[in-house]
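Chain letters run A, B, ... following the sequence lines, proteins first and then strands; every chain starts at 1. Note that the coordinates shown come from a computational prediction; the quantities given were computed from them, not determined experimentally.
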Number of protein chains: 2
Amino acid sequence: MKLSQSEENYIKSIYNLQSKTEKVNTNSLAAFLDTSAASITDMLKKLKSKNLLEYKKYYGFRLNGAGNKQALKIIRRHRLWEFFLVSKLDMEWEKVHDIAEELEHVSSAELIEKLDRYLGNPKIDPHGDPIPDEKGVMPVLKQIALKDLPHKRNAVISSVSSQTPQMMEMLNHYGIKIGSPIKVLKSFVFDGSLQVKIAKQPECIISGLAAQNIFVYDT
Amino acid sequence: MKLSQSEENYIKSIYNLQSKTEKVNTNSLAAFLDTSAASITDMLKKLKSKNLLEYKKYYGFRLNGAGNKQALKIIRRHRLWEFFLVSKLDMEWEKVHDIAEELEHVSSAELIEKLDRYLGNPKIDPHGDPIPDEKGVMPVLKQIALKDLPHKRNAVISSVSSQTPQMMEMLNHYGIKIGSPIKVLKSFVFDGSLQVKIAKQPECIISGLAAQNIFVYDT
DNA sequence: TTTAATTTTTAGATTTGTCTAAATATTTTT
DNA sequence: AAAAATATTTAGACAAATCTAAAAATTAAA
């Protein structure tokens, strides 16, 4: 099924809202898309007629199986492009969203599968969000504290718990970014500090306290 | 200036037709875009109002300076993406046009400049067409017979003169494709044959006759 | 349980890009 | 140079996606 850019944007937005609330309602989607409630109603009719949506007037709506599948396809494209922009083109992860928003609508299946292979079948995007596979399955990623990551295991930084200026200063210094590949080389029992290798940067030491507040996906 | 996809497609098409005929006329553009003459007239008015076009009713039209600049920007994006698809994603050059047709409308300047750098500032796309630089200047590429290419010079295969099945068989065997990087390692005076290195493939020997019929851009 | 407030939908208009059919201009032919 | 053929433009309509304003349905409040 060939969808217009608008239809794709609506589907993706509904998917995102759905993951937070059970049923999505017109006004919240209107707010999310910064558009009028009337436009939402118009598009809902259209998506319903294409059998992507469960929708009863005045009762809210949610994607059905087919709609969810479409959403995952679009999200997959978006996140793969984000990964590309950061890891290959060296763009900053804060900036790639809007560009990926455009690239995601290029729908060639061959393109996306080759891009995926070229990128090494990444499991999470630069914002730390999981990338659905070619069948639309979200990878299940267990998030653990860096201090609990076994040695030599390839992992990816997923989040940081403390966002104090002091912490941020240190993260910046070590070039620690969401999505950066990381590996623990050695741990020191004395103070819990770790010797780690982050992305392409030289090895460095991270304190035990930092290692408790940095979380990674063990892939 | 932000242009719609349609506007960009018209501009690009006019540019292409212009390179063949002096003035473009309504019907030829309609045929080229597989659309009605009336649509052409509609869009011409729009492009004229945006000052991209010299257009006098019933007298044909052509892009002005600003229009040409826009066209070159779009062509640059198209050809860079084609290069990416072939050289990085390993797609076949016959298949990349349609995908590049979609990618070319993603207009972030930063994206394109970073893509260009990432690809190594290529000068020709996989079809052998030159890629305009970031200022919109088409590179001037001198095309010479492979037999006249100096040793060790980095060149790119641009065309083949003879397209007999026998020739094609040989080209396929050696993996010779338009756009492949090529370098002459050694030449044998006795029969004019050359030892060459093509793309990532192992070194091979090409006959003097073949070397007369294969043309390259000396970059 | 009526009234008030909120949410959602409908009605009708607008913009962009397209179309067909008719009108007009230009070019070619006789 | 008038008629015929061709090319181009205009007029009017249509579909997609949006909007505003008004109507209808639902929910909350008094």
Please state whether the phosphate of [N], meaning OP1 or OP2, lies under 4.0 angstrom from any side-chain nitrogen or oxygen of [X].
X	N	result
A:K45	C:dT10	yes
A:T26	C:dT9	yes
A:N27	C:dT8	yes

With a 4.0 Å cut-off, would you call [X] and [Y] a salt bridge?
X	Y	result
B:R153	B:D218	yes
B:K12	B:E104	yes
A:R62	A:E22	yes
B:E110	A:K95	yes
B:E113	B:R76	yes

> Is the A:F84 to B:F84 ring centre distance short of 6.0 Å?
Replying inline: yes

Restricting both atoms to N or O, compile the protein contacts to nucleotides 18-20 of chain C shorter than 3.5 Å, with distance only.
unit_1, atom_1, unit_2, atom_2, d
C:dT18, OP1, B:S6, OG, 3.4
C:dT18, OP2, B:Y10, OH, 3.4
C:dT18, O4, B:D42, OD2, 3.4
C:dC19, OP1, B:T35, OG1, 3.3
C:dC19, OP2, B:T35, OG1, 2.5
C:dC19, OP2, B:S36, N, 3.3
C:dC19, OP2, B:S36, OG, 3.2
C:dC19, OP2, B:S39, OG, 2.5
C:dC19, N4, B:D42, OD2, 3.4

>> Treating primed atoms plus P, OP1 and OP2 as sugar-phosphate and everything else as base, which nucleotides of nucleotides 22-27 of chain D get B, S or - for protein heavy atoms under 4.0 Å?
In response: --BSS-

Rounded to the nearest Å, what distance is computed from the [atom1] atom of residue [X] to the [atom2] atom of nucleotide [N]?
X	N	atom1	atom2	result
B:L44	D:dA7	CG	P	16 Å
B:N9	C:dT16	CG	P	17 Å
A:L29	C:dT7	CG	P	15 Å
A:N25	C:dT8	CG	C1'	10 Å
A:L47	D:dA16	CG	P	13 Å
A:E7	D:dA16	CD	C1'	9 Å

> Looking across every strand, which nucleic acid part, if any, lies under 4.0 Å from B:Y55 by heavy atom: base, sugar-phosphate, or nothing?
Replying inline: sugar-phosphate

>> Regarding B:T41, tell me which of base, sugar-phosphate or nothing describes its non-hydrogen contacts under 4.0 Å with the strands shown.
In response: base

> How far apart are the C-alpha atoms of B:I11 and B:I14, what are their side-chain angles, what is the distance that settles it, and do they pass the side chain to side chain contact (heavy atoms under 4.5 Å, CB included) test?
Replying inline: CA-CA 5 Å; B:I11 289 170; B:I14 297 168; 5.6 Å; no

>> Please enumerate all residues that pass salt bridge (charged side-chain N to carboxylate O under 4.0 Å, His left out) together with B:E8, with sequence neighbours excluded.
In response: B:R77

> Going from CG on B:N68 to CD on B:Q18, what distance comes out if it is rounded to the nearest 0.5 angstrom?
Replying inline: 5.5 Å

